[in-house]
Amino acid sequence: MAVFNFSSLSPDVMLDAIEQLGIFVESGLLPLNSYENRVYQFHDEDKIKYVTKFYRPQRWSIEQIQEEHDFALELEAQELPIVAPLVIDGQSLFEHQGYHFALYPCRGGRIFEVDNLDQLEWMGRFIGRIHAISQKSAFVHRPAFNSQEFLLDAQQTILTSEFVPLSLKTAFETILAQVIELASAQFKPSNFIRLHGDCHAGNILWTDDGPHFVDLDDCRMGPAIQDLWMMLSGDRQQQLLQLDTLLCGYEEFNSFDNSQLALIESLRTMRVVNYMAWLCKRWQDPAFPRNFPWFNTEKYWEQQILMLKEQMSALQQPPLSLLP
């Protein structure tokens, strides 16, 4: 039974799905902050807390989702603090009425402080350990970061969406094309490994024992720097210090190719352009107008023009380099 959206994913459907695994929800389902999938927290009759994730239909194939699970379980088996899916009767991915879903143990924590150098060094060690394992084999079904999908296809999605106001269309399309051309020319990675893929503060929770990741939904093949650059913030000098701190921890467990620093701004461009396209593609999902009310406005597209101009300038600057 194929489904194409979440329109029939009612609370009763989700409860029936979970209960078919022999787990009975006592608390009700508390929605968590997720737009791409539907994610809920609950506890069972024994007060054990779980998180369940119902995957967005048609986004990933079954093989790609299973590869995500296998990656998480591989890292967990190496005692890395990854919140991996629960395995029940030899399975981690389940299906009910056309929806695929997984169960996870509920793990809490504080928000990762991106300006905390001690935490940054810890994160560097953590990611270095992950990459030391992930580079030993490759994804078979998961895609890689590439200019075609994240820049050119995203550009086409935006331009055909008719969301850009007519009064801003020429200015927006012109700067978008210039940024994409320059970023595409700069994105020339030489070595791809398995990555977390979306390594930002929102996917990292901190406890007294250190950090743990809670989501590998966007794992892909790509350059190692992709799992590091999103933890950089502030002006250039601040980013240089943060980068030095991250890599100090990273290189305790894995070597880093410094030439990948030249990919940071092209990867940033891919992220911001793809984010605009993502909003365009998902706007028909009722969750998106509710949570992103500013998207379909003239002010939003004015801000994107300014952001793209700033990104154009960043692409023309010398790349970050390590402190001497």
Side-chain angles (χ1 to χ4, degrees), residues 35-36 56 58-60 143-189 192 195 197-202 217-218 220-223 225-236 239 260-285 287-320:
Y35 307 114
E36 195 64 0
R56 179 175 290 276
Q58 312 300 314
R59 179 170 181 246
W60 296 118
F145 281 91
N146 62 89
S147 298
Q148 181 65 45
E149 177 184 353
F150 283 83
L151 293 174
L152 300 176
D153 291 351
Q155 178 187 33
Q156 187 67 15
T157 296
I158 297 165
L159 298 185
T160 58
S161 70
E162 299 185 355
F163 284 122
V164 183
L166 188 59
S167 61
L168 301 173
K169 193 173 179 64
T170 299
F172 176 80
E173 290 184 1
T174 300
I175 187 62
L176 178 64
Q178 291 171 346
V179 165
I180 286 175
E181 181 180 11
L182 188 51
S184 297
Q186 290 187 15
F187 186 66
K188 304 296 182 184
F192 279 18
L195 300 173
D198 194 27
C199 192
H200 60 79
D217 195 60
D218 290 298
R220 288 174 174 256
M221 298 294 291
I225 190 62
Q226 169 63 21
D227 279 350
L228 296 166
W229 75 263
M230 275 185 276
M231 282 178 276
L232 306 179
S233 61
D235 61 27
R236 187 176 179 89
Q239 290 187 37
Q260 291 195 12
L261 298 179
L263 301 174
I264 290 177
E265 292 308 325
S266 59
L267 285 165
R268 192 191 312 275
T269 304
M270 291 164 70
R271 183 172 179 82
V272 298
V273 173
N274 190 63
Y275 184 77
M276 285 186 272
W278 176 67
L279 290 173
C280 291
K281 286 190 291 188
R282 297 288 185 253
W283 196 243
Q284 299 308 313
D285 182 328
F288 279 70
R290 184 167 62 247
N291 289 286
F292 304 96
W294 37 260
F295 166 66
N296 195 16
T297 64
E298 186 165 314
K299 183 178 180 180
Y300 170 79
W301 293 104
E302 290 174 346
Q303 291 171 337
Q304 299 317 294
I305 292 171
L306 292 175
M307 180 273 296
L308 288 169
K309 288 180 178 178
E310 292 173 356
Q311 191 56 32
M312 185 70 177
S313 176
L315 285 162
Q316 295 170 324
Q317 298 298 315
L320 291 176

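Below, each value reflects all heavy atoms present in this structure, side chains not excepted, and no hydrogens, waters or symmetry copies.
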Applying salt bridge (Lys or Arg N to Asp or Glu O under 4.0 Å) to D218 and not counting sequence neighbours gives R59
In terms of the angle between their ring planes, are F295 and F163 parallel, tilted or perpendicular, with boundaries placed at 30° and 60°? perpendicular
Sorted by chain and residue number, the side-chain hydrogen bond (donor to acceptor under 3.5 Å, both in side chains) partners of W60 (sequence neighbours excluded) come out as none
Q. Side-chain contact, heavy-atom cut-off 4.5 Å: R56 with D285?
A. yes
Salt bridge (Lys or Arg N to Asp or Glu O under 4.0 Å) filter on R268, not counting sequence neighbours, yields E265
Is there a side-chain contact between R236 and P318 (heavy atoms, below 4.5 Å)? yes
Sorted by chain and number, sequence neighbours left out, side-chain hydrogen bond (donor to acceptor under 3.5 Å, both in side chains) with S266 holds for none
With sequence neighbours left out, the residues meeting side-chain hydrogen bond (donor to acceptor under 3.5 Å, both in side chains) with N274 are none
**Request:** Please check if the distance between the ring centroids of Y35 and F292 is under 6.0 Å.
**Result:** yes
Looking only at heavy atoms, the pair that brings F187 and F145 closest together is CE2-O, 3.8 Å
| Are the side chain of T157 and the backbone N or O of D153 linked by a donor-acceptor pair below 3.5 Å? | yes
Hits for salt bridge (Lys or Arg N to Asp or Glu O under 4.0 Å) against E302, two or more places apart or cross-chain, chain-then-number order -> none
